[in-house]
Amino acid sequence: MNDEKIRQQIEKLREDINYHNHRYYVLDDPEIPDSEYDRLFRELEKLEEEHPEFVTPDSPTRRVGAAPLKEFSKITHATPLLSLADAFSEEEVREFDERVKKLSGTGHQFTYIVEPKIDGLAVNLLYENGKFLNGATRGDGFTGEDVTQNLKTIKSVILRMMKGSKPHPSRIEIRGEVYMSKKDFNSLNMEREKNGEPVFANPRNAAAGSIRQLDPKITASRPLNIFLYGLGSSKGFEPATQEEFFKTIKQWGFRTNPEVRVCYSISDVINYFNRLGEKRKSLDYEIDGMVVKVNEFSLQRELGERTRSPRWAIAVKFEPEEAVTVIEDISVQVGRTGILTPVAKLSPVRVGGVEVGRATLHNIDEIERKDVHIGDTVIVRRAGDVIPEVVKPIPEKRTGDLRKFIMPEECPVCSAPVTREGAYHRCTNISCPAQIKEGMKHFASRLAMDIEGLGDKLVDQLVDKGIVSDLGDIYRLDNETLSGLERMGDKSASNIIEAIEKSKHPSFERFLYALGIRLVGEYVAKILAKRFRSIEKLSHAAEEELLSIEGVGPEVAASVVKFFKINENMNVVRKLLSAGIKIVEPDENVSAVLEGKTFVFTGALKKFTRDEAKRLAEHSGGHVASSVSSRTDFVVAGEDAGSKADKAKQLGVKVISEEEFIKMVEKE
């Protein structure tokens, strides 16, 4: 092929990939299986590698790959990205309506457009001739930080605008909110907690912290999304209303919120606000209210702005789910990687429908920043409606009976010295009973060695009574020892021994994950297992070798090397192997009988757990999704299959039984 034909082929691949990205990440309605998408992407990567002269910044292959920055540069917005004035009552909303009517005069007929107020991070995206040029945070409203490379890693941020009923403007600013869904936020925090990393307080902090990483690869590893909602400066596009703006940018491929509504009176606005409040908990993202805007741009321009906020818009806030209580004491918890976490003991109080008696204070820096003392009257809330946290003290309610919290210099569990690493304190004793307990609970967990019955209370007894002192001791337990423990009969003891025996043939990735190496979660364990294939090889790997693996950064590499250099850790590994654990080597000849097929499992399966069924499908070359779409090939329905099976029928996706699935896997 000559150069022009190659360029055309590359352009066609980019167009196809952008289209399928839009179907998957924006519309949530994919048309092709993952394997076909991967094939297109690899073909584009290969052509661009062979013909670098045709590589462009807006290529789908350029989303991740930029070098880490030393610091963010600044970008000045062409038009200010103003904040909004707040309203907290129906009376204040009606007062806003009266002001708009008064300032606009009686001759104006206008409508409002309303949308959920996403609790995320505001950004400004600049496009030239349909191509993404740069992106910045709000900053002070006039100048923000250049986070272009990080925004490009978010799959729902389009790099090239699609065709619509209106031509692309030569230059346009589009405002949006980067956020993290509730589900993704909880999964991320669970993973960080397992890896001994500090958890995020709420989805907004997680999104803001992720988008402001100097290394785009870190941002790319975080599950971020975006809704676009506002028009900044524009050359070549002048919509009459906000409603027209939404319809047009949706055609161009931008992701807009489906909850946006046009209201024809302020009473409609208030009614919708109340309905949104009822719907709030069922949404997959955090909202703290609703944004109300004058729909007509001509009236927006006439009304103008104050110094920091527009006169034509207002944010109507929900009542915060907070409560006031007293910090009775502050204790310290020790996690499986030795991190000491201060926890406030509270006078019990109901927050968001749940009684709360404890709340995390994260670390000493957080305590000092918030100026929290033992005895303080404080405001507490459930961050993300899940994790109780102390928002701030109420200084006016302070008495002389306050005590300052001091982080202990010795571990409260084993009395070993405590060292400080950045904002966190860590117990230096890897044989600390608290670390052993948390490590054992992690080791026995479902995604690790999956030892059913070896739960929190039993682990606490085993460690407290000195029956086990490390992971290897689990495999030396017997019926007689277990049956003599509190609330443990012969039958329960036999079941646990059976579960321990059953766990002796793990895959390498599960064994690696189970060891609880700091920063090694499921994903990192999987790529390390694939690369090294045995614990022996991995234990001798140097940092340089680890850093050559895609997805392994400097902190992970250092953590892995450090783990295997500690004699006590290697002794435990050897003890586990000598106790009869046989790691199943990764199979290079994985069956491909389900190659290219996407499965969704629903209902109760008889012969497998959900994880076992997933592993079986993936081992046979298939892909397992959590939700049903037109992209799904088969829904495997067990007993009491619910809405997923119903949706499959609506979409024409084939529903099969567990027996039919087994026959597919066994088919030669």
_Side-chain donor/acceptor of Lys370 to backbone N/O of Leu361, under 3.5 Å_ = no

_Would you compute the distance between atom CD of Gln149 and atom CG of Leu214 and round it to the nearest 0.5 angstrom?_
12.5 Å

*State plainly whether the residues Lys182 and Glu286 are in salt-bridge range, i.e. N to O under 4.0 Å.*
no

_To the nearest 0.5 Å, what is the distance between CD1 on Ile249 and CG on Leu125?_
10.0 Å

_For Ile211 and Ile154: C-alpha separation, side-chain torsions, deciding distance, then whether side chain to side chain contact (heavy atoms under 4.5 Å, CB included) applies._
CA-CA 10 Å; Ile211 209 68; Ile154 303 173; 3.8 Å; yes

_Can you tell whether the side chains of Lys441 and Glu438 come within less than 4.0 Å, N to carboxylate O?_
yes

*Quick one: side chain to side chain donor-acceptor pair (under 3.5 Å) partners of Tyr179, sequence neighbours excluded?*
Arg255

*To the nearest 0.5 Å, tell me how far Thr256 OG1 sits from Leu228 CG.*
8.0 Å

*asked:* Using a 3.5 Å distance criterion without hydrogens, assess whether the side chain of Thr632 forms a donor-acceptor pair with backbone atoms of Ser629.
replied: yes

*Quick one: list whatever passes salt bridge (Lys or Arg N to Asp or Glu O under 4.0 Å) with Asp146, sequence neighbours left out.*
none

*Which heavy atom of Ile314 sits nearest a heavy atom of Ala87, and at what distance?*
CD1-CB, 3.6 Å

_Check whether Arg280 reaches the backbone of Ile287 with its side chain - one donor and one acceptor, N or O, closer than 3.5 Å._
yes

*asked:* Counting the benzene-type ring for Trp, do Tyr272 and Tyr112 have ring centres under 6.0 Å apart?
replied: no

*Mind checking ring pair (Phe, Tyr, Trp, His ring centres under 6.0 Å) for Phe601 and listing every partner two or more places apart, or none if nothing turns up?*
Phe661

*Of all heavy-atom pairs between Ala122 and Tyr229, which one has the smallest distance, and what is that distance?*
CB-OH, 4.1 Å

*Residue pair Leu519, Val524: steps toward the side chain to side chain contact (heavy atoms under 4.5 Å, CB included) verdict*: CA-CA 8 Å; Leu519 303 181; Val524 173; over 6 Å; no

*Tell me, please, which residues at least two apart from Trp312 pass ring pair (Phe, Tyr, Trp, His ring centres under 6.0 Å).*
none

*Of Tyr285, Phe254, Phe246, which is the lone residue that meets ring-ring contact (aromatic ring centres under 6.0 Å, His included) with Phe227?*
Tyr285

_Backbone N/O of Thr219 and side chain of Gln213: donor-acceptor pair under 3.5 Å_ = no

*Begin from the C-alpha positions of Tyr127 and Phe237 and carry the test ring pair (Phe, Tyr, Trp, His ring centres under 6.0 Å) through to its verdict.*
CA-CA 12 Å; Tyr127 289 79; Phe237 174 52; over 10 Å; no

*Could you walk me through whether Arg369 and Glu366 pass salt bridge (Lys or Arg N to Asp or Glu O under 4.0 Å), step by step?*
CA-CA 5 Å; Arg369 182 182 69 80; Glu366 187 78 353; 3.1 Å; yes

*Indicate yes or no: does Glu11 engage Arg160 in a salt bridge with an N to O separation below 4.0 Å.*
yes

*Counting N and O atoms only, with roles assigned by atom type, does the side chain of Asn18 sit under 3.5 Å from a partner on the main chain of Met162, one being a donor and the other an acceptor?*
no

_Residues forming a salt bridge (Lys or Arg N to Asp or Glu O under 4.0 Å) with Glu45, sequence neighbours excluded_ = none

*Measure across Leu512 and Ala525 and return the closest heavy-atom pair with its distance rounded to 0.1 Å.*
CD2-O, 3.8 Å

_Enclosure of Glu49 CD (heavy-atom neighbours >12, cutoff 6.0 Å)_ = no

*Would you say Ser233's side chain and Thr79's backbone share a donor-acceptor pair under 3.5 angstrom?*
no

*When you look at Glu43 and Lys46, which way does the salt bridge (Lys or Arg N to Asp or Glu O under 4.0 Å) test go after all the steps?*
CA-CA 5 Å; Glu43 186 178 348; Lys46 185 172 185 295; over 6 Å; no

*Nearest heavy-atom pair of Ala207 and Leu224: which atoms, and what distance?*
CA-CD2, 3.8 Å

*For residues Met180 and Pro203, report the shortest heavy-atom separation together with the two atoms involved.*
O-CB, 3.7 Å

*Could you pull out all residues at least two apart from His77 that satisfy ring pair (Phe, Tyr, Trp, His ring centres under 6.0 Å)?*
none

*Would you say the side-chain atoms of Thr148 pair up with the backbone N or O of Gly135, donor to acceptor, closer than 3.5 Å?*
yes

*List in chain and number order the residues that pass side chain to side chain contact (heavy atoms under 4.5 Å, CB included) with Asn295, two or more places apart in sequence or in another chain; answer none if no residue qualifies.*
Thr111, Ile113, Thr241, Gln242, Glu243, Val262

*asked:* List the residues meeting side chain to side chain contact (heavy atoms under 4.5 Å, CB included) with Arg518, not counting sequence neighbours, and say none if there are none.
replied: Thr337, Arg426, Ser559

_Suppose we screen for ring pair (Phe, Tyr, Trp, His ring centres under 6.0 Å). Which residues come up paired with His442, at least two apart in sequence or across chains?_
Tyr513

_Heavy-atom pair with the smallest gap, counting every atom of Val123 and Ile226_ = CG2-CD1, 4.0 Å

*asked:* Run the salt bridge (Lys or Arg N to Asp or Glu O under 4.0 Å) test on Glu15 and Lys163 for me, step by step, so that the C-alpha distance in whole Å, both residues' side-chain angles and the decisive distance to 0.1 Å come before the verdict.
replied: CA-CA 11 Å; Glu15 186 178 328; Lys163 292 179 181 178; 5.8 Å; no

*Under the side chain to side chain contact (heavy atoms under 4.5 Å, CB included) test, residues paired with Arg204 that sit two or more places apart*: Asp119, Leu121, Asn202, Ala208

*Roughly how far, to the nearest 0.5 Å, is the CE atom of Met161 from the CD atom of Glu128?*
12.0 Å

*Does a donor on one side chain and an acceptor on the other come within less than 3.5 Å for Gln333 and Thr341?*
no

*asked:* One pair to check against side chain to side chain contact (heavy atoms under 4.5 Å, CB included): Glu115 and Met290. What are the steps and the verdict?
replied: CA-CA 6 Å; Glu115 61 199 67; Met290 182 176 79; over 6 Å; no

*Flag yes if more than 12 heavy atoms outside Glu555 fall under 6.0 Å of its CD atom; otherwise flag no.*
no

*Check salt bridge (Lys or Arg N to Asp or Glu O under 4.0 Å) between Glu177 and all other residues, then give those that pass, not counting sequence neighbours.*
none

_Arg138 side chain to Leu81 backbone, donor-acceptor under 3.5 Å_ = yes

*Would you please name every residue forming a side chain to side chain contact (heavy atoms under 4.5 Å, CB included) with Lys12, sequence neighbours left out?*
Asp16

*So how far is it from Leu151 CG to Phe132 CZ, rounded to the nearest 0.5 Å?*
5.0 Å

*Could you check if a side-chain atom of Pro239 sits within less than 4.5 angstrom of a side-chain atom of Thr248, using non-hydrogen atoms only?*
no

*asked:* Aromatic contact between Phe318 and Phe273, with the criterion being ring centroids under 6.0 Å apart: yes or no?
replied: yes

*asked:* Between Trp252 (side chain only) and Lys166 (backbone N and O only), is there a donor and an acceptor less than 3.5 Å apart?
replied: yes

*Would you mind checking if Glu36 and Arg39 are paired as a salt bridge, meaning a charged N to carboxylate O distance below 4.0 Å?*
yes

